[in-house]
Novice: 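I have a structure I would like to understand better, so I am pasting it below and will then ask my questions one at a time.
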Amino acid sequence: MTEPAIEALYTEDRSFPPPDEFAARALVNDRAMFDEADRDPEAFWARQARELITWFDDFDTVCEWEPPFAKWFLGGTLNVSYNCLDRHVEAGRGDKVAFHWEGEPGDTRTITYADLHAEVCRFANVLRDLGVAKGDRVNIYMPMIPELPVAMLACARIGAPHSVVFGGFSSDALADRINDAEAKVLVTADGGYRRGSAVPLKANADVALAATPSIDSVVVVRRTGDDVHMEAGRDHWYHELMERAAPDCEPEHLDSEHLLYLLYTSGTTAKPKGIMHTTGGYLTQVAFTHKYVFDLHPDDDVYWCAADIGWVTGHSYIVYGPLANGATSVMYEGTPDHPGRDRFWDIIERYGVTILYTAPTAIRTFMKWGTQEPEKHDLSSLRLLGSVGEPINPEAWIWYHTHIGGGRCPVVDTWWQTETGAIMISPLPGLTTLKPGSATHPLPGIAAEVVDEAGRRVEVGGGYLTLTRPWPSMLRGIYGDPERYRQTYWSRFEGRYFAGDGAKLDDDGYLWLLGRVDDVMNVSGHRVSTTEVESALVDHPKVAESAVVGAKDDTTGQAIIAFVTVKGDVEPDVALGEELRAHVAKKIGPISRPKTVIFTPDLPKTRSGKIMRRLLRDVAEGRDLGDTTTLADEAVVDEIRERAAAAPRDE
Ligand code: WTA
């Protein structure tokens, strides 16, 4: 027997079948769709594409697969903005609310489908007037204000691929991305609100613009009213251009494989990768997953995805999926702790949000802040909860289910990536019996397998997550670098897409994500996942969050070092550290007992909320950590803060 690629140590016995009432009303409550997709995946996707999307010309080829390059729905023509706007207005739903938008300072806007349609048509004409033609790239660097989806949809309307750069990124990161895309126009704002202050987006953009020769014009939305530099001839106010623009704009009829957008994601090397998503396949799968994973009833639901549109989650599940499905959404500009730590619960109560989609990092932060915050509000409108971005630790899942969902809302843990474009592995809430911490099963039409080092299929136990069949919303490559695309995703295992994540299959065939394989620790020859040790730590009632890393160790190869953040008013001390080490040993075995527990008030995160384990590994390896010592050491905390502050801004 060979050593397992990654050990499976954590067991979870709790399970939650769909509540009867939920299942009775759910769009999916039997296996028919799985059976259909198993029989003929291409026919299944073709049916979804024709049912969920309006095509100007029907397609004749469902999928052309020349590994690793796929094309979907060839011969078909469509327009994403037509699908997200016009067809709803034409069907008499123009007065339906598309977005209940709320700014961080508390200002609000209600935007109907008709409003959004009108604004998008005008802005599409603005872009055309600035010389943007089909195929030209447009960069977008904006706060979470309605003009951000307007700009994206206007690009889609005229066939100009957009490249949205998250508003928290630095000037350098923005310049790199503009230059890689060779964008012609930049759409930005004077600023945006975050945690009570104005972020100077235009000033950041000005620094980038000194090094971006491809940009001819800059469009600036007035949001904060702060003074900004406007370069004559290059920079224009959004509201002035909009006033002069013609109101009507016919949507371009675009090929199914027309480039819809680029979205940059950082890899292990410095240069970020421009992930390419195209039109027909992408829209089909985001509409499909948004409808069925969130069990969307568009006439009743108020849906809120609390991500930032600067990430793929916002592209697919704030903009394209919900609008294609004619949903009513909440869109919020700011942070969850402004002006108080109950801002999310206040928003849910005021708008009657029924579906909430957020990230484990947010959930663990809410756990740290305590249950008194959600308890201030009536959250009874909620009927479904979602999670994305990282593995959700079982205890965080239970907290979310109990304290936010009132014990009645299914939690859909959705696994996917920028590269997959849409949700791939997830429960269907009216059908799937949930296990806290498991993303459960691939969706209909999706084929995923766990394999060992040699690429052999693993039936039970840990290994590498691979996808074995093309899917409609898969990335079409890395912009300008087909070889890097092949190397990064298709070279590790013959004929398989390798996502870079570890996963295990339990005895019941449920999938559990184990984190990035780069983070797997090797302790005395055992390959231990950070996720499982972290989940064992979060299982302790005093722990809110933890990050575990493997630091070099003379005896065991690597030793497990645990950084731990405790809940609300818990005082960390040496005794608690010892208790946690023992807790992990009991929960998942002595091999996983952390050598050292280090308490820290917060953990360093990337801009999208993922824990920066590499940084913590450097901190741990830079000092002499004793065998059973438990530190609550100011120097460590300071060093984490300093390193996090100095970390590359675009990670
Ligand atoms: C991780 C975000 C476990 C995973 C949509 C993946 C998850 C990376 C989950 C992609 C989940 C995302 N369970 N891990 N439900 N969702 N991940 O590109 O490591 O920002 O490879 O896309 O996030 O992150 P990205």
Side-chain angles (χ1 to χ4, degrees), residues 6 10 164 166 168-169 262-268 272-277 282 285-286 289-290 293 305-318 320-321 357-364 385-394 396-397 400 411-427 432 434-443 446 448 450 464-467 473-475 478 488-489 492 497-504 510-520 529-532 534-535 605-613 650-651:
I6 305 175
Y10 199 101
V164 178
F166 173 56
F169 276 153
L262 300 175
L263 184 58
Y264 286 82
T265 170
S266 36
T268 40
K273 306 184 284 256
I275 302 298
M276 299 198 283
H277 283 295
Y282 174 80
Q285 197 175 329
V286 295
T289 49
H290 180 258
V293 170
C305 168
D308 192 288
I309 292 177
W311 310 120
V312 75
T313 304
H315 281 58
S316 299
Y317 298 107
I318 298 177
Y320 293 120
Y357 191 30
T358 187
T361 177
I363 296 163
R364 291 184 309 247
L385 302 173
S387 170
V388 60
E390 278 183 296
I392 180 164
N393 318 109
W397 192 104
Y400 193 31
V411 175
V412 287
D413 173 9
T414 62
W415 179 88
W416 59 294
Q417 309 177 294
T418 304
E419 292 86 341
T420 69
I423 299 170
M424 303 292 283
I425 300 174
S426 167
T432 314
L434 307 172
K435 296 190 186 190
S438 167
T440 72
H441 309 290
L443 290 174
I446 302 300
V450 177
Y464 304 107
L465 179 65
T466 65
L467 302 168
S473 66
M474 71 188 262
L475 76 166
I478 296 173
T488 309
Y489 303 107
R492 179 75 172 80
Y497 171 88
F498 176 45
D501 283 348
K504 69 176 182 190
Y510 277 61
L511 271 165
W512 300 73
L513 276 302
L514 298 178
R516 306 291 298 166
V517 295
D518 307 338
D519 293 331
V520 168
S529 103
T530 52
T531 300
E532 293 209 318
E534 288 162 6
S535 290
K605 308 258 173 81
T606 66
R607 301 291 172 124
S608 64
K610 299 189 207 301
I611 294 170
M612 300 166 94
R613 290 191 186 72
D650 61 331
E651 240 205 280

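Whatever order the structure lists ligands and atoms in, that order sets their numbers, starting from 1.
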Novice: In Å and rounded to the nearest 0.5 Å, what is the NZ to CD1 distance from Lys273 to Ile478?
Specialist: 5.5 Å

Novice: Let me confirm one number: the CD-OH distance from Gln417 to Tyr497, rounded to the nearest 0.5 Å.
Specialist: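 These two atoms lie 4.0 Å from each other.
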
Novice: Around ligand 1, what residues show up once you keep those with a heavy atom under 4.0 Å from it?
Specialist: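 The 4.0 Å shell around ligand 1 contains Val312, Thr313, Val388, Gly389, Glu390, Pro391, Asp413, Thr414, Trp415, Trp416, Gln417, Thr418, Asp501, Leu513, Arg516, Lys610.
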
Novice: Checking Asp413 now: which residues fulfil side-chain hydrogen bond (donor to acceptor under 3.5 Å, both in side chains) with it, not counting sequence neighbours?
Specialist: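 Partners of Asp413 under the side-chain hydrogen bond (donor to acceptor under 3.5 Å, both in side chains) test: none.
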
Novice: Sub-3.5 Å donor-acceptor pair from the side chain of Ser387 to the main-chain atoms of Ala359, do we have one?
Specialist: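 No; zero donor-acceptor contacts below 3.5 Å.
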
Novice: Given Thr289 and Tyr317, is the side-chain hydrogen bond (donor to acceptor under 3.5 Å, both in side chains) satisfied, shown in steps?
Specialist: CA-CA 9 Å; Thr289 49; Tyr317 298 107; 2.6 Å; yes

Novice: Please determine if Arg492 forms a cation-pi arrangement with Tyr464, meaning its NZ or CZ atom is less than 6.0 Å from the six-membered ring centre and no more than 45° off the ring axis.
Specialist: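 The answer is yes; both the distance and angle limits are met.
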
